[in-house]
Asks: 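Right, I'll just put the structure down here and ask away after.
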Amino acid sequence: MNSLLLDGVFPQYCELCGLRSHRPLPLCEDCRSELPVNAHACPRCAIPLPATAPPNSLCGRCLTKPPDMDRTIAPWLYGEYMAFLIQRWKYAGQTRLTPLLAQLWLQRATTAHVDLLVPVPMHWSRRWRRGYNQAELLCRALHRTHPQLADRVASRLVRRNRPTAAQSGMDARSRNLNVRNAFTLQDRCDKLRVAIVDDVYTTGATARALSRALREAGAVHVEVWCVARTPAPV
């Protein structure tokens, strides 16, 4: 069944404007064009940089305190429309948005093959309440549609030791304390290339803590793959 016929039988409606998307996914082209792109960013933490910065320039924080990850890929900025999509996906049970967010990441991400995709783990109590781990859903969608990205999804490699507090609203220092020693590796990952997968990169506290744990377990290369990056605080 071609895409035109499929759209006629099972039309998709845009999650942002409510009109027919005329595409296989629930986002019309006009609304997609309104999503801000993270086009000029620090390669280590993906924070947006001034357009005048030379290509591949590191931000001040990554220069003075290099993180354990080698690279962060966050192709979109966490603006109003992206926040609406991600919050519905993450908190409102709209797991049907997973293919859309995976495709948005794939449309603009450029990466090389890694050995493992590792979703940021949730504590069992929070996963039980929510019913799913959105990072794991994203991992599996990326691997299912583009298996050349990684050898496998390692959803049980990392365990979250304790039910950390929700980090929305916390400042950077509080977030760092919140996730300190929060992760335990269930196995070694010696000489492996690993990509941590999550929805949004904010202060990087979770990404840094998890990258450190993976390095200590032997990972030779660590990347962070997120759909969106929050802008620098004003």
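Just so it is clear, the structure is predicted and the values come from calculations on it, not from any experiment. One is the number of the first residue; the rest follow in order along the sequence.
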Asks: Quick one: do the T95 and W89 side chains pair a donor with an acceptor below 3.5 Å?
Replies: no
Asks: For the CD atom on E80, are there more than 12 heavy atoms of other groups (residues, nucleotides or ligands in this structure) within a distance under 6.0 Å?
Replies: no
Asks: Mark yes or no for whether W76, through its side chain, and L104, through its backbone, hold a donor-acceptor pair below 3.5 Å.
Replies: yes
Asks: Looking at R127 and E136, is there a salt bridge between them, counting it only when a charged N and a carboxylate O are closer than 4.0 Å?
Replies: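 Yes, this pair counts.
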Asks: Are any side-chain N or O atoms of D70 and backbone N or O atoms of E223, one a donor and one an acceptor, separated by less than 3.5 Å?
Replies: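 No, because the side chain of D70 does not come within donor-acceptor range (under 3.5 Å) of the backbone of E223.
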Asks: With no hydrogens and no angle check, is any side-chain donor or acceptor of R215 less than 3.5 Å from a backbone partner on D68?
Replies: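 Yes; judged by distance alone, with no hydrogens or angles, the pair exists.
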Asks: Should the pair R96-E15 be classified as a salt bridge under the 4.0 Å nitrogen-to-oxygen rule?
Replies: yes
Asks: To the nearest 0.5 Å, how far apart are SG in C59 and NZ in K65?
Replies: 12.5 Å
Asks: If we ignore angles and hydrogens, is there a donor and acceptor under 3.5 Å between the side chains of H113 and D151?
Replies: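 On atom types as modelled, these side chains qualify, holding a pair under 3.5 Å.
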Asks: When you look at R108 and N38, which way does the side-chain contact (heavy atoms from CB on, under 4.5 Å) test go after all the steps?
Replies: CA-CA 9 Å; R108 297 202 59 88; N38 191 14; over 6 Å; no
Asks: Should V227 and Y78 be counted in the same cluster of Ile, Leu, Val, Met, Phe, Trp and Tyr side chains packed under 4.5 Å apart?
Replies: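 Yes, because V227 and Y78 connect within a single hydrophobic cluster, where side-chain heavy atoms sit under 4.5 Å apart.
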Asks: State whether a side-chain donor-acceptor pair under 3.5 Å links R140 with S155.
Replies: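 Yes - a donor-acceptor pair under 3.5 Å links their side chains.
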Asks: Output the distance between atom CG (L97) and atom CZ (F84), rounded to the nearest 0.5 Å.
Replies: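 The distance works out to 9.0 Å.
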